[in-house]
Structures are given as C-alpha cells and as structure tokens.
Protein chains: 2
Amino acid sequence: MAKLPPLNALKAFEAAARHGGFVGASEELHVTRGAISRHVKLLEAHLGVPLFVRQAQGVRLTAAGLKLLPVVSEAFGTIARAAENLSADAAELRIICPPGTSIRWLLPRLEDFRTAHPEFRVRLTTDFYPESGFDPIEADIGFSVSNWPNRSPDLAAQPLFPTLLTPACAPRYLRDKALRRPEALAACELLHETRSHADWTAWTDAFRPAGVDPARGQDFPNIDIATKAAVMGVGVVMADLVLCREELDAGTLVAPFPDMVCPSPLGGICLLAGRDKWQIPKVAAFRSWADAAAAADRAAVSHLVARAGG
Amino acid sequence: MAKLPPLNALKAFEAAARHGGFVGASEELHVTRGAISRHVKLLEAHLGVPLFVRQAQGVRLTAAGLKLLPVVSEAFGTIARAAENLSADAAELRIICPPGTSIRWLLPRLEDFRTAHPEFRVRLTTDFYPESGFDPIEADIGFSVSNWPNRSPDLAAQPLFPTLLTPACAPRYLRDKALRRPEALAACELLHETRSHADWTAWTDAFRPAGVDPARGQDFPNIDIATKAAVMGVGVVMADLVLCREELDAGTLVAPFPDMVCPSPLGGICLLAGRDKWQIPKVAAFRSWADAAAAADRAAVSHLVARAGG
DNA sequence: TCTAAGGCTCACTTTTCCTGATCCATTGCG
DNA sequence: CGCAATGGATCAGGAAAAGTGAGCCTTAGA
C-alpha cells in the first residue's frame, strides 16, 4: 500500500474545506482554530502543495485542494457509512424467546433491560425455534428450554434458572376436588402446555400417583394460556415454579403437593448465542443483566432444587 | 458528516487484516505488536463489534471485519493515490524558457539546481511562449524577456538580470574592419537574433551612428547561433552582456564600443509564475536559486545599468 | 513435554495534539 | 477615516494519545 498522508490532518482539511474556513472546522471537530491551522499546515507540508489560499474572510481551495477534497470526502463518507452500519448492527440486540418464557418471564423484565441499556435497540421475536434449532445468524441471543445444551461447537450457553414442576390449580378448584392426595388428580382436568404432555408425564413418572393418566386433559399452545386456564378454574396445570411464581405468590394458584416437585426432563431455561458473539457488548450486556434478573428466581427455588434433583 | 471511527486505529486494523496478523501489521507500520493490539482493541470498542477472532497462529476476520476491510482498504487506497498524484505534481518542476536564455544561461546552470534540489524532477521546455503568452497551467515557471511585466493579475514576476546591448565581434573581425568608430558598422555584416532586428534598431536609435541601417544583415533563430556566428567572424552581433559574458570574458568576442551600451527595449530577463503557485515549494526553491545564480550576472553589469538606463 | 509463534497486558516514555493567549491582516461599518 | 470584528498564524506549556519493551498466556507442532 502506498504511503498515506496523516489521516487526522486529512480530517481537519476535509472539515475546513467543507466549511470554507478553519473556524467552522474547529467547531465541528471541537478543537481550536490553532489546531486546525496546524493540521492543515502539516498536511500541506507532507504533500508539498498548499491546499488553501488564505484570505481575509476565510480560506479558498487551491487547484490541489480542489482535487483532493472530493476524494477525501468520498473516502471518509464510505468509511463513516460502513462504520455506522457495523455500529447499528452492534446496537441492535435480536432476541428470540419461546412464547411461554417470553410472556411470563422476559417481557415483564425487558423494560428494565431497556432502561439499563438504552444504547441497545431490542428486537424480540417471541416464537419457538425452527426445526434446525437456534440460528446465531438470525438472532444474537436466544432463550432455550433445554439441558444446558451444547448443541453445536459454534454455540455457547449459560443457564438462567431450572424448570421445576408441581401441579397447581385455583384455590376454589382445590376445594371442589378435595385435592389432598395425588391420587385425587385422577378425577381432575389436566392442563397441558404442549401436545407432548411432557410436563405431566415427567411428574407422574417421578411420583407415580395411582390412576393419573398424563395422556388425558386439555392442550394449550403455551404455559401462559394453560396457567391462565388454571387460574380460571378449568383444571390443574403443571406449574413451572419460576414462570408461575406470580400466581403462586399471589395465591391465585395454589400447589396442593408442595413437596412433590420434579425437574422438567427438558431441562431448565438457558441463554444461547453464537460462540463468536458471546463476548460482544450487546450479548455480554444482556447475559449479565439476565443472569442478575434470574438470580431472584434461582433463590426462590433454590431450596427445592436439591430435593427435586433426587 | 457522520462520525468517523478513529482513523489511525483503522489504519492499524487495515494493515493487520491485510497481513492476517498483528506481527505483519506492526512491521509494516514500524511499531510494536502491542501498539497494533491496542489500536484494534480501541476500534473494536468504538464500533462495539469484534473485528478479529484471535487464534493461536494469528488472527481471523469476523463477519464484521470482513465487511469493514474492503471499504477501508478501498478508501485508503484512493486517498493514497490522490495524495501520491498531488505529491508527484509537487515534485515535478516544469520550466519553460526561450532558446537563447535556455542555451546560454539556464542549461549551463541547471545541473547546479538539480544537485541543490534533488527532490524535484525538472522538465525543461526550451521554446518561445505561444502567442497567448506564459500559461501557468502548462508550466510552473517561465523565463520571460520583457519589461517586468504584470501581464495578468494571475501572474507574478521577479526580475533576474537586465538585458544590456552592445555590438560585439571576433577580435580578427574588429581588426579587419578597423572598427574604431560606430559609423564603421555601416560596412559590417550585422547579425540579428530575430527577424525583427529589434536589438540593432534599439542600439542605433540610442546612439544614431551615421549610415548604419539595422534592416541590413543576417538573421538567426536565436542569440546563441547569432553569437556563434560572430565568434566565427561572420559579422557583428548585438551582444547581450549577460548572455555573451562567457565569450566577452574569454576574448573570443570583443566589444568595440564598450561605453555604448543600451538596454533592450524588450526589457530584461525575469521569472514568471502563476500567482497562486508563487510560494509553493518547487517554485519558491527555483526562484530563490535563480535569483542567487543571477546575482553574479547582475553584479557584472551593475556599473553599466545606470549609464544604460539614461 | 518442550519450544516457537503470536496476542495481551501493564508500567513507563515519547510523541503528538490541543489549548489559550497574542499577533496580524483584511474588511465593513459608524 | 478610524476602529472593531473576523479569521488565520504562532508559540509555550500541558494533556492526551501512541509507542515501547518486558513478561505472561495459549496453542500448534516437533
């Protein structure tokens, strides 16, 4: 590569030329007139050509300056535009999150992230991953319900909180059905957050209440709607202790068997991101914030984790 | 204009990307690896995006780096090329000089200028100006035979030495023609450096020797050939005291009437240049050198100027 | 297991850059 | 015409940026 002239001097020249004077340039660049004057002089010395004709009411470009200006302006413009694009990408955080986690955990907390990091523009996609799994090109970071997976060597993961399951229903439903022992669930409407019924299957596998068939019951598209149905007294949902904490704390849902908690076979909630993006500011900031936000949830269920893990 | 990233950091990035490692860049830019590392880190922080993936055996561009590199390389390339062109123009000194002055004054001295200023490439055009006069676009500086003219407000001029005229001939011709009084010139062959015969006309107008007709004689294309003809004994040339100083000093030409010196009506020799280029290094350097080189000539004829001026 | 390559870090030095005061020339206005 | 305002040049001194060089760490290959 050919030898470049001093680039900061070029910047001063370009600004001065654009403003038709050193005062304008000095204001744009937030330096004094003297600094501009010196920069321009340095550049002129470097090139061996005067670029400005100094006049009383400002400066005028020489023939050489007229040749140089458009080149430099154009070059700086393309650089600035490219940098802008990169920075815009860097400032846009694309999150993908499954509906249940999104509605019941992320959305209520996201405003806090926005205020903590106004420099990032958040674009949330609330949806399940496509068949192919989390795509680090499509999204910067994703919430995943899984066993802290390292699906691909290109992905990195960070656990947020475990998924601990126990049946829950509206207080009135509890009374109506006289739910004192797990076997009583055989007479209840089971509410499923997916068609797979994996949640109820896991729990009945763990505690084997006689006569309770996880294949029965009603299906909902996600845990939020299933939970709301339970609150309305439709039946018994397999509550995620974290995602349903609000209802459990408020008493709109009660857990009839608080000692019978099992971990979801699918694993807990974790964050996923492309390994090469793991440390970039927007991802690191979100991971750090999410970890802190999840800390309260982890604490609330921590005494259950050991028991459930058995 | 959008905000530019730190330009020197960009330079480091570009070199590092081109070399595929910081070591290569540090060698190209003549700094240490640490300096490159710091520059790149600064740029990455500024953009909010990592540009390199650090590996054991060097460094690989990230997607962002791949986007940025061609833009920056291209931009720096055009800037470097433009600067190169300006500098090349700045280093090439185009001189235009009429043949007489060129052969008898400039060429013998030009080597001295070249050694004094090896940084300039000299391109000499030995020719008369076109009808339109000295063109400050075609040439950086010109030698002009004229009355310190300020032909145009865009031109600046600097006198070098006066043109003082007196007849001269070979010593043998002087003896043969017995040239003791100016009227004896009537029997001599007059040698003219131009068809206009302006030189002889000026001298005969000044001293009015009876019977001497400036319309007579032989024409030559320039003073050099006319002078050589005089040395060979062809006739009497109207010698320029400066341009013919060598022959006069050596005695190959003698001036029969050393007190009868008149200034050329065309004026002396001066330098011309575009006013806007007057101070640029190559022109200033040449003016300064030419003035010093002409000082000896001015001194040699200074005692005659006052007399001739009358 | 060891070595070499290549990046990172940090305390320290050098260079560059900027400031702020002061001049100076031009210009436009009372 | 005098005189303030504008705009650039210059300079000493101090702040900020860049560079240095030694030591550390990780990885690849012998």
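Just so we're on the same page: letters track the sequence lines, and every chain starts at 1. Worth saying up front: this structure is predicted, and the values here are computed from it rather than measured. Just the heavy atoms: all of them, side chains too, but no hydrogens, waters or symmetry mates, feed the values below.
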Nearest 0.5 Å please: distance from the CH2 atom of A:W278 over to the CG atom of A:L272.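 Atom-to-atom, A:W278:CH2 and A:L272:CG are 7.5 Å apart.
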Quickly work out the [X] [atom1] to [N] [atom2] distance and round it to whole Å.
X	N	atom1	atom2	value
A:I36	C:dG20	CD1	P	15 Å
A:H19	D:dG8	NE2	C1'	17 Å
B:R38	C:dC12	CZ	P	14 Å
B:L29	D:dA17	CG	P	20 Å
B:N8	D:dA16	CG	P	18 Å
A:R33	C:dA21	CZ	P	11 Å
B:F22	D:dT20	CZ	C1'	17 Å
A:L7	C:dT16	CG	P	14 Å

Under 6.0 Å between ring centres: does that hold for A:F52 and A:F22?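 Ring centres of A:F22 and A:F52 closer than 6.0 Å.
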From D:dT10, C:dC18, C:dT9, nucleotide with atom closest to B:S37 side chain: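 Selected nucleotide: C:dT9.
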So, does [X] get its side chain near the phosphate of [N], meaning an N or O under 4.0 Å from OP1 or OP2?
X	N	result
B:H39	D:dA17	no
A:R54	D:dA9	yes
A:K41	D:dG8	no
B:T32	D:dG21	no

Identify whether any heavy atom of A:G34 sits under 4.0 Å from a base atom; if not, whether one sits that close to sugar-phosphate; answer base, sugar-phosphate or nothing.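 Here A:G34 touches the bases of the nucleic acid.
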Hey, does A:H30 reach any base, or is it just sugar-phosphate, or nothing, if we go heavy atoms under 4.0 Å?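 Contact class for A:H30: sugar-phosphate only.
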Please determine whether salt bridge (charged side-chain N to carboxylate O under 4.0 Å, His left out) holds for the pair A:R18 and A:E28, giving the CA-CA distance in whole Å, both sets of side-chain angles, and the decisive distance to 0.1 Å. CA-CA 10 Å; A:R18 208 152 17 79; A:E28 173 178 320; 3.1 Å; yes
Any Lys/Arg nitrogen of A:R109 or A:D297 sitting under 4.0 Å from an Asp/Glu carboxylate oxygen of the other?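 Salt bridge flag = yes for A:D297 with A:R109.
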What do the steps show when you test B:R94 against B:D135 for salt bridge (charged side-chain N to carboxylate O under 4.0 Å, His left out), and what is the final call? CA-CA 11 Å; B:R94 295 160 305 165; B:D135 178 357; over 6 Å; no
